[in-house]
Number of protein chains: 2
Amino acid sequence: MRKETSTNLENEKLILASCGTSYTLDLIGGRWKPQILWRLLLQGCMRYSQLKNSMPNVSERILILQLRELEQDMLISRQVYPEVPPKVEYRLTELGLSLKPVLCCLSQWGDANRPNRVVSSDSEVLSEEL
Amino acid sequence: MRKETSTNLENEKLILASCGTSYTLDLIGGRWKPQILWRLLLQGCMRYSQLKNSMPNVSERILILQLRELEQDMLISRQVYPEVPPKVEYRLTELGLSLKPVLCCLSQWGDANRPNRVVSSDSEVLSEEL
DNA sequence: CGGCATCCAATTGGATACTG
DNA sequence: CAGTATCCAATTGGATGCCG
């Protein structure tokens with residue numbers, strides 16, 4: 001006979017919740033993934049060189065690795081144009097686009113609770129638009 | 001004279017957004033932090049041994065490190081009772097409690113989009129993952 | 001009971017140079 | 001233009017043992 005039925009229920013809930021949370025964090029928690037995802041969210045579509053030039057603090061290898069992971073996780077798509085010079089475009093997939101409210105949620109909490117945060121009106125504008 | 005005013009605005013927005021997102025992820029993105037946070041969210045208050053016994057897959061050192069980080073980031077509080085044997089209780093701070101909607105958001109997206117996810121009440125399958 | 005110290009393995013991050 | 005390859009540093013994760 002099992003005691004603590006309600007505790008077991010609580011346990012199942014937290015296991016489910018923490019699993020889902022960890023899964024999401026695994027996908028978007030990479031060092032540069034938020035920046036990549038936000039750029040693609042706001043720009044819609046970007047070439048590799050655009051991404052690279054807009055993120056000067058990340059080395060090419062790391063950027064490629066992050067892009068490959070996002071691609072394997074089906075969050076972004078990579079389209080190669082077979083021309084010379086080469087042209088590769090990245091954009092969010094449907095799954096990636098579905099992350100929008102999640103990213104928005106994370107951004108808002110972080111912006112609200114980050115010390116020494118920027119208090120200007122840009123953040124509110126951002127919150128409205130997203 | 002600056003060209004591309006809209007592009008600059010876009011740039012500011014994404015910087016703000018990705019900064020806030022990265023900040024939040026830095027706080028909750030630790031390997032075991034989702035589990036800890038969810039436990040404290042659902043249980044309200046837990047002793048160290050409770051946490052440890054409920055998370056058999058994490059070593060003590062790592063668990064302590066994660067708890068220390070959460071404490072330094074003001075997400076959880078650590079209360080020591082000066083008695084013998086020692087007694088230490090962990091609970092969420094107000095800031096930690098404010099993460100609830102964020103964690104819910106992450107959990108829901110992960111649960112909805114995780115492949116091979118548990119669709120019904122299979123507690124056995126879940127037990128394996130913890 | 002609730003840790004900390006030590007030591008080690010694994011993963012991740014990164015600078016640089018080179019290529020089809 | 002859009003990457004690879006190589007090599008190396010840093011961070012993280014973890015098992016074990018000891019302590020007040």
Side-chain angles (χ1 to χ4, degrees), chain A residues 18-19 21-37 39-40 43 45-73 75-92, chain B residues 18-19 21-37 39-40 43 45-73 75-92 129-130:
Chain A
S18 58
C19 277
T21 307
S22 295
Y23 178 76
T24 309
L25 290 176
D26 274 348
L27 297 195
I28 67 176
R31 180 79 175 78
W32 305 96
K33 288 179 183 177
Q35 281 194 45
I36 296 172
L37 293 172
R39 274 164 220 277
L40 294 180
Q43 308 274 356
C45 169
M46 293 179 77
R47 298 183 60 168
Y48 172 73
S49 55
Q50 281 184 281
L51 276 170
K52 188 183 68 176
N53 293 330
S54 69
M55 301 170 62
N57 291 332
V58 54
S59 69
E60 291 195 44
R61 193 184 75 100
I62 301 299
L63 180 56
I64 289 292
L65 285 179
Q66 302 272 299
L67 288 171
R68 292 289 179 275
E69 286 183 14
L70 289 170
E71 189 189 358
Q72 284 178 19
D73 292 332
L75 296 181
I76 68 175
S77 68
R78 174 174 175 272
Q79 185 169 7
V80 183
Y81 295 86
E83 36 183 78
V84 179
K87 176 179 171 183
V88 176
E89 285 181 347
Y90 293 92
R91 75 193 68 217
L92 293 178
Chain B
S18 58
C19 276
T21 307
S22 295
Y23 178 76
T24 308
L25 290 176
D26 275 348
L27 297 195
I28 67 175
R31 180 79 174 77
W32 305 97
K33 288 180 183 177
Q35 281 193 44
I36 296 171
L37 293 172
R39 274 164 219 279
L40 294 180
Q43 309 273 357
C45 168
M46 294 179 77
R47 297 183 60 167
Y48 172 74
S49 54
Q50 282 183 281
L51 276 169
K52 190 184 67 176
N53 293 331
S54 69
M55 300 170 62
N57 290 332
V58 53
S59 70
E60 290 194 40
R61 193 183 77 100
I62 301 301
L63 179 57
I64 288 292
L65 285 179
Q66 300 272 299
L67 288 171
R68 290 292 177 274
E69 286 183 16
L70 289 170
E71 188 189 356
Q72 284 179 18
D73 293 332
L75 296 181
I76 69 175
S77 68
R78 175 176 176 270
Q79 185 169 7
V80 182
Y81 294 86
E83 35 181 79
V84 178
K87 176 178 170 183
V88 176
E89 284 181 346
Y90 293 92
R91 74 193 70 217
L92 293 178
E129 302 192 27
L130 289 186

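Because the structure is a prediction, the values reported are computed rather than measured. Every chain is numbered from 1 and lettered A, B, ... according to where its sequence line falls, protein lines coming before strand lines.
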Rounded to the nearest angstrom, tell me the gap between atom CD in A/Glu89 and atom C1' in D/dC1.
-> 13 Å
If you look at every strand shown and take non-hydrogen atoms under 4.0 Å, does B/Lys87 touch a base, only sugar-phosphate, or nothing?
-> sugar-phosphate
Looking across every strand, which nucleic acid part, if any, lies under 4.0 Å from A/Pro85 by heavy atom: base, sugar-phosphate, or nothing?
-> sugar-phosphate
A/Tyr90 near the nucleic acid: base, sugar-phosphate alone, or nothing, with a heavy-atom cut-off under 4.0 Å?
-> sugar-phosphate
For the pair made of OH in A/Tyr48 and C1' in C/dT19, what is the distance, rounded to whole Å?
-> 13 Å
Between C/dG14 (P) and A/Lys52 (NZ): distance, integer Å | 17 Å
Between C/dA5 atom P and B/Glu60 atom CD, what is the distance in whole Å?
-> 14 Å
Please check the phosphate of C/dT11 (OP1 and OP2 only) for any side-chain N or O of B/Arg31 closer than 4.0 Å.
-> no
Answer yes when A/Glu69 and A/Lys33 have at least one side-chain N-carboxylate O distance shorter than 4.0 Å, and no when they do not.
-> yes
Verdict with supporting geometry, A/Leu51 and A/Leu67, side-chain contact (heavy atoms from CB on, under 4.5 Å) = CA-CA 10 Å; A/Leu51 276 170; A/Leu67 288 171; 4.0 Å; yes
Specify the separation, in whole Å, of atom CE of B/Met55 and atom P of C/dG2.
-> 15 Å
Can you check the B/Ile64 CD1 to C/dA5 C1' distance for me, whole Å?
-> 13 Å
When rounded to whole Å, the CD to P distance for the pair B/Gln79 and C/dG2 reads 13 Å
B/Ser22 side-chain N/O to B/Cys19 backbone N/O, donor-acceptor pair under 3.5 Å | no
Is there a donor-acceptor contact under 3.5 Å linking the side chains of B/Arg68 and B/Gln72?
-> no
Gap separating the CD1 atom of B/Ile64 from the NZ atom of B/Lys52, nearest 0.5 angstrom | 9.0 Å
Between A/Ser49 and D/dC1, is there a side-chain N or O to OP1/OP2 distance below 4.0 Å?
-> no
Distance, rounded to the nearest Å, where A/Arg61 contributes CZ and C/dG14 contributes P = 9 Å
Respond yes when some side-chain nitrogen or oxygen of A/Trp32 is under 4.0 Å from OP1 or OP2 of C/dG14, and no when none is.
-> yes
Residue pair A/Gln50/B/Gly30 against DNA chain D: nearer the 5' end by closest nucleotide is A/Gln50
Could you check whether A/Ile62 gets within reach of a base, just the sugar-phosphate, or nothing at all, counting any heavy atom under 4.0 Å?
-> base
